[in-house]
Amino acid sequence: MYQKFETTPFSQFRQQYFNNLRAQQCLLPALEELCGGWTQETLKSILQKLTKKNQAPLPLFFDSSQAMDSISNKKQALATVFQQFDSRGIGRIDATELFSVMLLLSTGEISQIFYNIAVIFGSDKTNHITSDEFFFFIDCLFRGISKVLICKGENKPSNLNKRLSDQDINKFMQQIFKGQQKVNKDELYASVKQSQQLYEFIEYISTSMQASMEYTRQQSLLMMKITMEVKKLMAQMLSQIDGTAKK
């Protein structure tokens with residue numbers, strides 16, 4: 001039997017994650033490998049590829065890691081990420097969960113991230129994002145982060161298959177949209193700031209994700225430098241040994 005989502009109030013999400021993520025590596029390692037060095041422009045370029053330059057809709061699901069090849073050629077990382085997002089064991093993953101997480105971890109200013117949220121999750125035919133569309137994004141995001149975030153004292157994500165309660169999402173929509181059905185895409189950032197708790201939570205998660213990505217990138221560069229230095233030293237030692245043997 002497939003596992004069901006556990007509906008969770010925002011207060012529990014906040015208690016679990018806010019100011020409680022691991023200091024340096026708070027993300028699923030395979031996701032960091034998959035998205036290493038990504039910026040908001042990188043992500044937009046990948047999504048353009050998936051939609052054939054906006055000629056097709058974004059996929060709503062992937063039924064295998066092979067179906068995700070347009071995202072990256074890092075096959076092992078794709079396989080691990082697919083397995084993690086298929087935490088209910090149904091043989092497919094919700095692509096929108098993955099995209100929502102990718103939006104927050106790709107390097108960029110928080111205002112740019114909210115604009116890209118509006119572009120990607122809003123209707124292509126208008127310059128607006130509706131409350132229903134942003135509701136959908138928030139639902140996807142909270143389902144997604146429960147599968148990838150690592151808290152202090154832990155070494156892997158431990159709160160799988162949680163989703164934010166509809167009641168809390170509706171409360172946030174009322175604070176953001178003020179009874180209106182939609183806002184301009186370039187105004188979403190300012191509108192979300194009116195829902196202080198939600199804004200602070202998303203900003204903290206995004207900042208922590210980006211810091212984790214940068215830390216891992218720097219560690220990889222350091223390891224590459226050390227490897228090159230070791231190889232150089234070994235080459236010098238072999239050269240000296242060879243020279244001594246010839247004398």
Checklist entry - side chain to side chain donor-acceptor pair (under 3.5 Å) with Asn161: which residues, sequence neighbours excluded? => result Gln3, Ser87
Checklist entry - Looking only at atom types and distance, does a side-chain atom of Ser208 sit under 3.5 Å from a main-chain N or O of Ile205, one as donor and one as acceptor? => result no
Checklist entry - Who pairs with Glu41 by side chain to side chain contact (heavy atoms under 4.5 Å, CB included), at least two apart in sequence or on another chain? => result Thr39, Lys44, Gln112
Checklist outcome for this item: Residues passing the side chain to side chain donor-acceptor pair (under 3.5 Å) test with Glu187, sequence neighbours excluded, are Asn184
Checklist entry - In chain order, what residues pass the ring pair (Phe, Tyr, Trp, His ring centres under 6.0 Å) check against Phe61, with sequence neighbours excluded? => result none
Checklist entry - By salt bridge (charged side-chain N to carboxylate O under 4.0 Å, His left out), which residues pair with Asp166, not counting sequence neighbours? => result none
Checklist entry - Can you check whether Val148's main-chain N or O pairs, donor with acceptor, with Gln84's side chain at less than 3.5 Å? => result no
Next on the checklist: Counting neighbours of CD on Glu154 that are heavy atoms of other residues, nucleotides or ligands and sit closer than 6.0 Å, is the number greater than 12?
Outcome noted: yes
Next on the checklist: Test of understanding: with ring pair (Phe, Tyr, Trp, His ring centres under 6.0 Å), list the residues that count as partners of Phe134, not counting sequence neighbours.
Outcome noted: Phe137
Table please: side-chain donor-acceptor pairs of residues 8-17 below 3.5 Å, with sequence neighbours left out.
unit_1: Thr8; atom_1: OG1; unit_2: Glu6; atom_2: O; d: 3.0

Item to check | Qualifying salt bridge (Lys or Arg N to Asp or Glu O under 4.0 Å) pairs, either residue in residues 191-204, two or more places apart | outcome: none
Checklist entry - In chain order, what residues pass the side chain to side chain donor-acceptor pair (under 3.5 Å) check against Asp94, with sequence neighbours excluded? => result Thr96, Arg143
Sequence neighbours excluded and cut-off under 3.5 Å, please list the side-chain donor-acceptor pairs for residues 174-183, or say none.
unit_1: Gln175; atom_1: OE1; unit_2: Ser195; atom_2: OG; d: 2.6

Item to check | Residues in side chain to side chain donor-acceptor pair (under 3.5 Å) contact with Ser45, at least two apart in sequence or another chain | outcome: none
Checklist entry - Tell me the salt bridge (Lys or Arg N to Asp or Glu O under 4.0 Å) pairs involving residues 68-82, sequence neighbours left out? => result Asp69-Lys75
